Amino acid sequence: MKIATVITLLFTSWMPMNAQKSSFKEEFLKKWKNSLEYTLDVAKKMPENEYNYKPTKEVRSFGEQMVHIGEGMAYIGNSAFNFPTIPQPDDKNDKTVVISYLEKQYNALRDVAKTKDISFFEETTSFWAGRMTRRKILNIVFDHCTHHRAQAIVHLRIKGIKVPSYVAW
């Protein structure tokens, strides 16, 4: 019993020393990929003839929510990076066009992030809410995407559509 305890202690104390540190960039790119996949799964679940569905007149339709996710990443993300953004689709009820728009907008931000050095994310820059690190701005982009994707999920649930399993990281 004592030998097993000693081996366990040695193994568990050794593991943290050998764990590789990851950078914000690595974590961001992995999480960004998962965010894209989850958002596309949500977008694909709604039938095209329901993309104009609004639970109440005060909220965005499902299609408008999906497009707004892309708009937000373009608007907020450009405070961290200067990257080419994708024009919004004219028809927010065209499922194929909206999904393509989201995928292109996600990939545009991802592609510029891949080109940046790790230290770039820690630099401060001007933002409409005050100076902050590019890392913090990208976290705001994540929050915005999550917020509006969750609203779109509510649309699915109200329609009785089974939502995709959550992907967090």
Side-chain angles (χ1 to χ4, degrees), residues 19-48 50-51 59-157 161-169:
Q20 290 185 348
K21 292 181 181 180
S22 65
S23 68
F24 172 80
K25 178 180 175 178
E26 292 167 324
E27 291 171 2
F28 170 81
L29 290 171
K30 184 175 193 292
K31 188 175 175 186
W32 195 245
K33 178 181 180 285
N34 291 339
S35 180
L36 165 63
E37 290 172 5
Y38 187 42
T39 302
L40 293 180
D41 286 348
V42 169
K44 291 173 184 175
K45 284 289 189 174
M46 183 65 87
E48 184 167 18
E50 297 289 353
Y51 258 59
V59 300
R60 291 181 177 95
S61 70
F62 183 86
E64 289 169 338
Q65 286 290 359
M66 293 287 100
V67 170
H68 184 68
I69 290 169
E71 293 170 338
M73 75 180 69
Y75 177 71
I76 301 166
N78 261 309
S79 295
F81 303 121
N82 181 16
F83 70 101
T85 57
I86 309 306
Q88 304 173 35
D90 293 328
D91 186 356
K92 294 173 177 65
N93 298 324
D94 185 326
K95 182 176 180 175
T96 303
V97 169
V98 170
I99 289 171
S100 175
Y101 165 71
L102 279 168
E103 190 167 20
K104 289 175 184 174
Q105 192 64 68
Y106 263 94
N107 290 339
L109 195 146
R110 178 209 59 207
D111 290 347
V112 74
K114 281 181 163 182
T115 69
K116 302 301 180 187
D117 185 69
I118 295 169
S119 63
F120 180 83
F121 298 92
E122 300 307 318
E123 294 173 2
T124 59
T125 189
S126 181
F127 187 59
W128 54 267
R131 290 193 63 79
M132 58 184 68
T133 64
R134 296 176 200 284
R135 173 183 38 81
K136 186 171 184 177
I137 294 168
L138 290 176
N139 284 326
I140 293 168
V141 172
F142 269 119
D143 287 347
H144 184 267
C145 292
T146 301
H147 173 75
H148 289 285
R149 184 178 55 231
Q151 291 178 340
I153 287 170
V154 171
H155 287 58
L156 292 174
R157 290 188 189 279
I161 299 169
K162 185 175 178 355
V163 301
S165 297
Y166 180 61
V167 179
W169 46 86

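We count residues from 1, following the sequence as given. Because the structure is a prediction, the values reported are computed rather than measured.
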Mind checking the NE2-CG spacing from His68 to Leu102? Nearest 0.5 Å is all I need.
->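 Here the rounded value is 12.0 Å.
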
Apply ring pair (Phe, Tyr, Trp, His ring centres under 6.0 Å) to Phe142 and list each qualifying residue two or more places apart in sequence or on a separate chain.
->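 Phe28, Trp32.
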
Could you check if a side-chain atom of [X] sits within less than 4.5 angstrom of a side-chain atom of [Y], using non-hydrogen atoms only?
X      : Y      : answer
Thr146 : Tyr38  : no
Val163 : Val42  : no
Ile137 : Phe81  : no
Phe83  : Thr85  : yes
Ile140 : Phe127 : yes
Gln105 : Glu71  : no
Asp41  : Lys45  : no
Glu37  : Leu40  : no

Taking NZ, NE, NH1 and NH2 as the nitrogens, is one of them in Glu26 or Lys30 under 4.0 Å from a carboxylate oxygen of the other?
->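 Salt bridge absent between Glu26 and Lys30.
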
Sidechain-backbone polar pair: His155 side chain, Glu50 backbone, donor-acceptor under 3.5 Å =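 Between the backbone of Glu50 and the side chain of His155 there is no qualifying donor-acceptor contact (under 3.5 Å).
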
Is a donor on one side and an acceptor on the other found under 3.5 Å between the side chain of Lys25 and the backbone of Phe121?
->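 Such a contact is absent between Lys25 side chain and Phe121 backbone.
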
Can you pull the salt bridge (charged side-chain N to carboxylate O under 4.0 Å, His left out) pairs that have at least one residue in residues 72-99, sequence neighbours excluded?
->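 Qualifying pairs: none.
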
Answer with yes or no whether the side chains of Gln151 and His147 bring together a donor and an acceptor at under 3.5 Å.
->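 Yes, Gln151 and His147 have a side-chain donor paired with an acceptor closer than 3.5 Å.
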
Tell me, please, which residues at least two apart from Asp111 pass side-chain hydrogen bond (donor to acceptor under 3.5 Å, both in side chains).
->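 So Asp111 forms no side-chain hydrogen bond (donor to acceptor under 3.5 Å, both in side chains) with any residue.
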
